[in-house]
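In what follows, a structure is listed as structure tokens, so that the remarks can point back to it.
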There are 2 protein chains.
Amino acid sequence: MSKSEQTRDYILQKSFDLIYQKGYQSTSIDDIIATTHVTKGAFFYHFKNKEEMGLGLIGELLYPNLRNMMVRPLEDSQDPKTDIYKMMEMLLNDTSFFNVDYGCPAINLIEEMSAVSTTFKRELSKLVLLWHNAIVTALNSAQSSGLIKTNIAPEEVAVMLISGYGGVRTLGKVMGRGAYKAYLSGLKSYLMQL
Amino acid sequence: MSKSEQTRDYILQKSFDLIYQKGYQSTSIDDIIATTHVTKGAFFYHFKNKEEMGLGLIGELLYPNLRNMMVRPLEDSQDPKTDIYKMMEMLLNDTSFFNVDYGCPAINLIEEMSAVSTTFKRELSKLVLLWHNAIVTALNSAQSSGLIKTNIAPEEVAVMLISGYGGVRTLGKVMGRGAYKAYLSGLKSYLMQL
DNA sequence: GACATAAGATACTAGTTAGTATGTTTTACA
DNA sequence: TGTAAAACATACTAACTAGTATCTTATGTC
């Protein structure tokens, strides 16, 4: 990786951290250059404007992380019920990447930006759809192999799961990790009965 | 209601609308005085600062609305399963107060403000707890009267329901009303099996 | 090692932000 | 109906905002 690529990635990573904590609109470019010690000239050399940086963040940080943590674990799953639970547990208990007080970076951006910028909305909806499809595919195959009742609708269950995840991230912000614990417990019962 | 009270309420109501659409931090006082045609002097006569207005909003608009739409329908409920479903349906289908693109005002504020202001976080957590307790109470009484299995934990179900609601509001922002429809359908099945 | 260009640094701008200082006008009530 | 206080209006400030113009320095290539 060239020196130039390094600073670009560095800016993206630090911006991500700031935005995760304070929100996109409340994170100023001056904030970013202050914490990175990268100058304004450097910032605007690598990004045309703030939006391009924000979209870069989604494409180059959020997207690959989502694939790794939320899509890949479901690919070719032999036991979706268990794997979905394990995935949720992993996501909610991962304190290296996530923080209860700050919630989920992707959910935060959806909340803040989708009504304000159609470009952000479009890119973020791609992420959601990716996860949605991964869940539906896993549930479908589980129905084929008789591991899940055939009278349930995978699309509905996917929406229930994604909503549950997003919602408990929000809930965690005001109620703390206890919300995660209760959710995971409730999720287990919910998955059982599918 | 005196003239003075009227302008105060008017400011709060219009601020609420703006904040619902753009977020709290992105709604400037200049935005507010521009749309209300109330002058800056009037604004700062009624509110010490922006935060006091924001908190007023929570206490005087969000709180009573939450009581009416999310707590009262569960009080003395003879059939919580049905009443919870009806409440969710009412909330998600009410287009006079809510808008898919803007989600739920309370959820939005939690998302945006709880990590940024402990005062907002505290006030908002009260709202959540109020709803949580109303749900738990309803589920408890349903267990007593044999309408719900006794091996389920009302606290967990409450977290599942609140998370589901909050999450589908987020999901709706990027996926549209289809998310609401799928959620309500999934919710019905979920409640059945309790 | 010259030189073109990539990468980064500095100083600025025009507009916006919350909040204040200092006025003027209503309103309630004696 | 006079007057004190409540309610509102106007003009300003200091700090911050995204972005630009213009410069300097580093880097790879022949």
Side-chain angles (χ1 to χ4, degrees), chain A residues 1-58 60 108-109 112-113 115-120 123, chain B residues 1-58 60 108-109 112-113 115-120 123:
Chain A
M1 187 162 59
S2 78
K3 186 84 192 302
S4 171
E5 286 174 294
Q6 271 182 49
T7 43
R8 193 193 136 93
D9 281 15
Y10 180 62
I11 293 171
L12 276 184
Q13 186 56 58
K14 286 285 183 184
S15 301
F16 176 86
D17 292 345
L18 283 173
I19 289 169
Y20 180 38
Q21 292 172 41
K22 314 203 312 167
Y24 174 81
Q25 296 179 97
S26 295
T27 300
S28 71
I29 295 173
D30 285 350
D31 282 341
I32 294 167
I33 66 169
T35 62
T36 52
H37 301 111
V38 158
T39 63
K40 195 162 269 195
F43 181 95
F44 280 100
Y45 173 77
H46 287 287
F47 306 99
K48 177 164 124 265
N49 49 34
K50 192 185 175 187
E51 186 182 44
E52 188 177 289
M53 184 276 292
L55 296 173
L57 215 101
I58 296 175
E60 294 167 45
N108 293 356
L109 276 179
E112 183 184 1
M113 297 305 294
V116 149
S117 157
T118 53
T119 318
F120 273 80
E123 293 307 306
Chain B
M1 187 161 59
S2 79
K3 186 83 192 302
S4 172
E5 286 175 294
Q6 271 181 49
T7 42
R8 192 194 136 93
D9 281 14
Y10 180 61
I11 292 170
L12 276 184
Q13 185 56 57
K14 286 285 183 184
S15 300
F16 176 86
D17 293 345
L18 284 172
I19 289 168
Y20 180 38
Q21 292 172 42
K22 315 202 311 167
Y24 174 81
Q25 296 180 98
S26 295
T27 300
S28 71
I29 295 173
D30 284 350
D31 283 341
I32 294 167
I33 67 169
T35 63
T36 52
H37 301 110
V38 159
T39 63
K40 195 161 270 196
F43 182 94
F44 279 99
Y45 173 78
H46 288 287
F47 305 99
K48 176 165 125 266
N49 50 33
K50 192 185 175 187
E51 186 182 45
E52 188 177 290
M53 184 275 292
L55 296 173
L57 214 104
I58 296 175
E60 295 168 43
N108 293 355
L109 276 179
E112 183 184 2
M113 297 305 293
V116 147
S117 157
T118 53
T119 318
F120 272 80
E123 293 308 305

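So that the names make sense, note that chain A is the first sequence line, chain B the second, and so on, each numbered from 1.
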Any residue meeting side chain to side chain contact (heavy atoms under 4.5 Å, CB included) with Ala42(A), in chain and number order, not counting sequence neighbours: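 Side chain to side chain contact (heavy atoms under 4.5 Å, CB included) check on Ala42(A) returns Val38(A), Thr39(A).
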
Polar side-chain atom of [X] near backbone of [Y] as donor-acceptor pair, under 3.5 Å:
X         : Y        : value
Lys40(B)  : Ile29(B) : no
Ser15(B)  : Ile11(B) : yes
Glu112(A) : Gln25(A) : yes

- prompt: Are any of the side-chain heavy atoms of Tyr24(B) and Glu51(B) separated by less than 4.5 Å?
  reply: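 The answer is yes; the side chains approach within 4.5 Å.
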
For nucleotides 25-27 of chain D, list the nitrogen or oxygen atoms of the protein found under 3.5 Å from its nitrogen or oxygen atoms, one pair per line.
none

- prompt: If you round to the nearest 0.5 Å, how far is OG1 of Thr35(A) from CG of Leu18(A)?
  reply: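 These two atoms lie 4.0 Å from each other.
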
task: Supply the atom-to-atom distance Glu52(B) CD to Leu57(B) CG, rounded to the nearest 0.5 angstrom.
output: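 If we round to the nearest 0.5 Å, Glu52(B):CD and Leu57(B):CG are 12.5 Å apart.
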
Could you pull out the closest heavy-atom pair between [X] and [Y], with the gap in Å?
X         : Y         : value
Leu55(B)  : Glu123(B) : CD2-CG, 4.0 Å
Ile33(B)  : Phe43(B)  : CG2-CB, 4.3 Å
Leu109(B) : Ile58(B)  : CD1-CG1, 4.0 Å
Met53(A)  : Phe47(A)  : CA-CD2, 3.7 Å

Find every protein N or O atom lying less than 3.5 Å from an N or O atom of nucleotides 9-12 of chain C, and list the pairs.
from, atom 1, to, atom 2, distance (Å)
dA9(C), OP2, Thr39(A), N, 3.3
dA9(C), OP2, Thr39(A), OG1, 2.8

Quick one: [X] [atom1] to [N] [atom2], roughly how many Å, whole number?
X        : N       : atom1 : atom2 : result
Glu5(A)  : dA6(C)  : CD    : P     : 14 Å
Ile33(B) : dT20(C) : CD1   : P     : 15 Å
Phe44(B) : dC12(D) : CZ    : C1'   : 14 Å
Asp31(A) : dA15(D) : CG    : P     : 17 Å

query: Can you find a side chain N or O atom of Thr7(B) that sits less than 4.0 Å from OP1 or OP2 on dC8(D)?
result: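 For dC8(D), OP1 or OP2 has a side-chain N or O of Thr7(B) closer than 4.0 Å.
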
message: What residues from residues 45-52 of chain B pass a heavy-atom cutoff of under 4.0 Å to DNA chain D?
response: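 Of all residues in residues 45-52 of chain B, the ones placing a heavy atom under 4.0 Å from DNA chain D are Tyr45(B), His46(B).
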
- request: Mind listing the residues from residues 20-30 of chain B sitting with a heavy atom below 4.0 Å of DNA chain D? Number order is fine.
  value: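 Close to the strand, none.
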
- request: Only one of His46(B), Glu60(B), Gln13(B) passes side chain to side chain donor-acceptor pair (under 3.5 Å) with Arg8(B); say which it is.
  value: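 Filter result, single survivor: Glu60(B).
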
field: Of all pairs that satisfy salt bridge (charged side-chain N to carboxylate O under 4.0 Å, His left out), the ones with a partner from residues 9-22 of chain A, not counting sequence neighbours
entry: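 Qualifying pairs: Lys22(A)-Asp31(A).
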
